[in-house]
Peer 1: 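Structure provided below as structure tokens; questions to follow.
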Amino acid sequence: MTVRTPAKINLGLSVGAPQLDGYHPVATVYQAIGLYDEVKARPAPSGDVGVVVSGEGEQSVPLDEDNLAVRAARALADAFHVTDGVALSLHKTIALSGGLAGGSSDAAGALVACDALWGVQASRAELQAVAAGLGSDVPFCLVGGTAVGTGRGERISPVLARGSYEWVLAYADDGLSTPEVYSELDRIRAGETVDEPEVSSELMAALRSGDPYSLGLCLNNDLQRAALRLRPSLARTLDLGDEFGALGSLVSGSGPTCVFLASDEDHAVDLAVALSSSGLCRSVQRASGPVPGARLVT
Ligand code: ATP
């Protein structure tokens with residue numbers, strides 16, 4: 001079984017004050033973009049769950065129970081009393097620790113692939129419930145498209161969104177740790193009153209209109225100032241996108257990937273060339289969105 005599973009970006013990410021358990025409530029608008037990892041699931045002896053990884057960042061991806069795809073396979077087997085094993089292979093295109101939910105996307109892909117391999121035939125709601133136990137971004141990676149996430153991001157509701165958008169992604173040399181970025185945000189906000197997280201009504205209106213110019217004006221990420229504090233060089237990358245006419249620019253999720261909205265495909269090519277030749281980023285990719293979530297391709 002082969003599944004293609006997309007990266008996500010956050011068009012808006014509002015972060016509340018940490019709760020007693022340390023987690024931050026969020027209100028976010030996710031969009032799945034056409035940049036995919038591939039998850040293959042092949043039969044294996046009873047109880048065996050193994051993984052091999054190739055592609056982007058392969059040497060840094062854990063091959064044990066810390067791998068989110070392995071955890072997803074085990075969680076599905078536990079939930080549906082499956083005793084069969086699985087040999088997973090991941091081919092990664094989504095940058096590691098880039099704020100693009102690569103690991104979560106692999107987990108969503110593994111759920112879909114193992115469901116098919118083992119003949120579980122779980123309903124969408126059942127898969128969503130297993131996904132929510134694996135990580136905040138996993139339920140969205142199953143659904144894809146454009147959606148609001150609340151709670152820790154795992155409570156997904158659909159968004160009325162029109163149009164397709166052209167994005168340019170600029171990768172930094174090293175990843176940023178999501179927990180460290182949240183801790184930095186807490187340090188920056190110490191002493192400030194932090195509002196309940198909410199999705200901006202301007203952002204929802206822009207998505208309803210399908211107008212990229214309106215959308216570009218209301219992209220927002222509360223984690224951006226923390227990511228910039230930890231990685232000041234990202235400010236120059238964001239500025240460069242603005243200089244080359246990006247309709248909007250922001251750090252994706254916890255960063256350090258910077259995301260730029262282009263007015264159309266030609267503009268996206270120009271922006272990508274400008275960013276690549278600047279020497280400010282490790283590499284640059286283009287992707288359009290929204291696209292569907294994790295889907296079987298064979
Ligand atoms: P998010 O935006 O969801 O916080 P991210 O995109 O910044 O995540 P990931 O690429 O998902 O980051 O990886 C974060 C860490 O998760 C990695 O450093 C790695 O150790 C671990 N990890 C576990 N499973 C995977 C996987 N299948 N692919 C990539 N990383 C994984």
Side-chain angles (χ1 to χ4, degrees), residues 3-11 13 15 23-24 26 28-33 35-41 49-75 86-114 131-132 134-142 149 151-154 156 169 171-185 221-224 226-227 230-231 234 250-259 282 285 287 293-294:
V3 170
R4 229 165 54 133
T5 188
K8 65 83 187 158
I9 55 177
N10 302 80
L11 309 183
L13 176 53
V15 180
Y23 277 94
H24 296 73
V26 302
T28 186
V29 178
Y30 293 109
Q31 184 162 98
I33 58 169
L35 174 68
Y36 300 94
D37 280 358
E38 191 181 78
V39 180
K40 283 186 193 289
V49 177
V51 68
V52 292
V53 179
S54 61
E56 179 74 32
E58 58 184 38
Q59 64 294 342
S60 307
V61 178
L63 298 176
D64 55 13
E65 301 294 319
D66 284 340
N67 192 301
L68 278 167
V70 170
R71 270 197 234 163
R74 290 229 186 267
V86 62
L88 295 166
S89 65
L90 311 180
H91 184 71
K92 296 196 64 74
T93 304
I94 306 173
L96 208 67
S97 300
L100 300 168
S104 302
S105 193
D106 294 349
L111 288 179
V112 173
C114 292
L134 291 164
S136 311
D137 296 338
V138 185
F140 173 72
C141 293
L142 273 180
R152 294 174 187 177
E154 83 287 8
I156 301 300
L169 282 74
Y171 298 116
D173 279 332
D174 297 303
L176 276 174
S177 144
T178 304
E180 277 175 32
V181 176
Y182 273 96
S183 303
E184 184 64 24
L185 182 66
N221 177 4
D222 282 354
L223 289 178
Q224 180 159 314
L230 292 170
R231 195 68 63 77
L234 295 179
L250 83 174
V251 168
S252 179
S254 53
T257 305
C258 293
V259 182
R282 173 170 65 84
Q285 261 175 334

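One-based numbering, in listed order, for ligands and for the atoms of each. Because the structure is predicted, anything quoted here is derived from the model rather than measured.
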Peer 1: Hey, can you tell me if H24 and Y182 have their rings parallel, tilted or perpendicular (30° and 60° cut-offs)?
Peer 2: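 Geometry flag for Y182 against H24: tilted rings.
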Peer 1: Give the residues near ligand 1 by chain and number, with the criterion being a heavy-atom distance under 4.0 Å.
Peer 2: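 K8, V61, P62, D66, N67, L68, L90, K92, A95, L96, S97, G98, G99, L100, A101, G102, G103, S104, D106, D137, T178.
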Peer 1: Counting only N and O atoms by type, is there a donor-acceptor contact under 3.5 Å from the side chain of S105 to the main-chain atoms of P6?
Peer 2: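 Indeed, once roles are kept as given, a pair shorter than 3.5 Å links the two residues.
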Peer 1: The test is side-chain contact (heavy atoms from CB on, under 4.5 Å); show your working for D64 and V70 and say whether it passes.
Peer 2: CA-CA 7 Å; D64 55 13; V70 170; over 6 Å; no
Peer 1: Apply side-chain contact (heavy atoms from CB on, under 4.5 Å) to D37 and L90, showing your working.
Peer 2: CA-CA 7 Å; D37 280 358; L90 311 180; over 6 Å; no
Peer 1: Quick one: do D106 and K92 make a salt bridge, cutoff under 4.0 Å?
Peer 2: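 Salt bridge: yes.
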Peer 1: Hey, does I156 have a side-chain heavy atom less than 4.5 Å from the side chain of F140?
Peer 2: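 The answer is yes, as the side chains (C-beta and beyond) meet within the 4.5 Å cut-off.
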